[in-house]
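Notes follow once the structure below has been shown.
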Amino acid sequence: MSRVHNNALAVFFAFASALTIAIGTVWRHQIVLRYNAEQNSAGGAIGAIRRPTWWLSLSLAWVAYGFQAVALAFGTLLVVQPVLVLSLLLTLLLSARVENRRMDIDETFWATVLTVAVGVLVVLGRPEPGTREASISEWLIALGAGTVVMAVTGCAAKRQESAMRAFLLGAICGAIFGYLAVFSKTAVDAFVRGGVVELVTTWPLYALLAAAVVGTIVQQYAFSAGDLSQSLPAMKIFEPLLAYSLGMTLLGEMFTVTTVLGWMLMALAVAAMFVATFFLSRKSL
């Protein structure tokens with residue numbers, strides 16, 4: 001198999017992934033709401049899991065991951081990750097549509113900011129794929145440093161009140177999913193180069209499976225530590241932050257910006273994306 005770099009296809013499949021994530025999220029939320037109404041209870045998240053429709057909605061997460069993998073085969077993390085962030089915006093839009101309500105003014109404002117910021121990163125940045133392969137020692141340093149920081153953060157979270165504990169656990173979860181994104185990109189590249197044989201005989205596949213399991217467990221602890229609005233912002237911010245950083249340092253991905261003004265606009269877009277993501281993720285479904 002030969003590798004084909006195509007940002008347009010990468011954006012298309014990343015958007016398909018973001019939309020699928022949004023549909024699954026809203027669907028699961030509606031199932032929980034209906035269960036609560038039927039049981040006259042506000043704690044239906046566990047009970048709703050017993051319903052086949054909940055598991056069917058959860059299966060959309062695998063479909064979304066499939067779209068993400070295809071997107072990574074065509075483009076870089078610097079293209080795919082910003083577009084995936086739009087899943088938050090799409091979730092809010094679909095939720096408002098399903099509930100027959102209009103989005104609040106602040107939601108509309110930050111949604112616009114997020115959309116423009118993502119557009120600037122993809123169109124102005126014109127990300128290019130990496131041309132280097134990180135050595136095992138570089139991967140071990142990146143993983144070791146991240147593991148130490150996350151372990152220290154986890155210990156600190158145990159001594160905090162619920163709001164800060166939820167935020168710190170959310171940050172750890174976001175970081176793990178950031179590593180997962182990089183492992184996924186590396187695994188997809190291995191598959192494109194050598195097919196199934198190279199995929200199953202190299203370490204990225206097993207690293208991404210481990211990161212997916214650990215990340216899911218930490219995510220549940222983060223959600224149970226406090227309100228969703230306390231943990232979700234950290235998850236949504238730290239995931240792309242780690243993915244960008246590792247994609248550029250380990251994989252050699254880069255933006256093709258050459259002017260000072262261009263880099264200033266890029267920096268502004270990145271900051272705007274994180275700020276908009278923070279405020280949008282604090283909105284409850």
Side-chain angles (χ1 to χ4, degrees), residues 1 9-32 34-35 45-77 79-95 98 170 173-192 195-223 228 231-232 235-236 238-240 242-243 281 285:
M1 297 183 189
L9 288 175
V11 169
F12 174 81
F13 284 107
F15 186 82
S17 178
L19 180 59
T20 306
I21 291 171
I23 293 172
T25 301
V26 174
W27 190 5
R28 286 194 298 276
H29 184 249
Q30 291 298 311
I31 292 171
V32 172
R34 288 196 203 96
Y35 184 91
I46 300 299
I49 294 177
R50 304 189 187 101
R51 300 196 167 185
T53 51
W54 190 91
W55 289 99
L56 184 61
S57 68
L58 185 63
S59 68
L60 289 179
W62 291 101
V63 176
Y65 188 78
F67 283 133
Q68 181 182 347
V70 175
L72 288 171
F74 286 112
T76 66
L77 286 164
V79 168
V80 174
Q81 282 299 126
V83 179
L84 289 179
V85 171
L86 292 178
S87 64
L88 178 59
L89 165 62
L90 294 171
T91 299
L92 294 173
L93 287 171
L94 287 174
S95 179
V98 169
C173 179
I176 293 172
F177 285 142
Y179 279 104
L180 173 61
V182 181
F183 295 150
S184 298
K185 173 61 177 173
T186 310
V188 167
D189 286 347
F191 176 76
V192 171
V196 175
V197 173
E198 183 165 349
L199 175 64
V200 300
T201 55
T202 52
W203 63 268
L205 173 64
Y206 305 100
L208 76 86
L209 292 175
V213 172
V214 175
T216 300
I217 294 172
V218 174
Q219 185 180 61
Q220 295 309 308
Y221 276 105
F223 286 161
L228 190 63
S231 57
L232 191 59
M235 293 182 194
K236 293 297 183 180
F238 280 90
E239 178 180 350
L242 260 292
S281 61
L285 283 176

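When a residue number appears, it is its place in the shown sequence, counting from 1. Remember, predicted model here, so these are calculated numbers, not experimental data.
Taking every heavy atom of both residues into account, Ser184 and Leu72 meet most closely at CB-CD1, 3.9 Å. Considering every non-hydrogen atom in both Ala71 and Ala14, the closest pair reads CB-N, 3.6 Å. Of all heavy-atom pairs spanning Val83 and Val11, the tightest one is CG1-O, 4.0 Å. The shortest non-hydrogen separation linking Gly170 to Ala222 is N-CB, 3.8 Å. Between Ala187 and Leu208, the shortest heavy-atom distance links the atoms CB-CD2, 3.6 Å.
Looking at Lys185 and Gln68, their side chains never come closer than 4.5 Å, going by heavy atoms from C-beta outward.
Taking CG from Leu77 and OG1 from Thr186, the interatomic distance works out to 7.5 Å, rounded to the nearest 0.5 Å. Atoms OG1 and CH2, on Thr20 and Trp62 in that order, are 14.5 Å from each other to the nearest 0.5 Å. Residue Leu19 holds its CG atom at 9.5 Å from CD1 of Ile21, rounded to the nearest 0.5 Å. Atom CG of residue Leu205 and atom CZ of residue Phe191 lie 11.5 Å apart, to the nearest 0.5 angstrom. Atoms CG and OG1, from Asp189 and Thr202 in turn, are 10.5 Å apart once rounded to the nearest 0.5 Å. To the nearest 0.5 Å, atom CZ of residue Phe238 and atom CZ of residue Phe177 are 15.0 Å apart.
In this structure, Phe74 and Phe13 have parallel ring planes: the angle between them is below the 30° cut-off, well short of the 60° mark.
A donor-acceptor distance shorter than 3.5 angstrom exists from the side chain of Ser17 to the backbone of Ala64, with no hydrogens or angles considered. The closest donor-acceptor contact from the side chain of Lys236 to the backbone of Gly174 lies at 3.5 Å or more, if one exists at all.
For OH of Tyr65, the number of neighbouring non-hydrogen atoms (other residues, nucleotides, ligands) closer than 6.0 Å is greater than 12.
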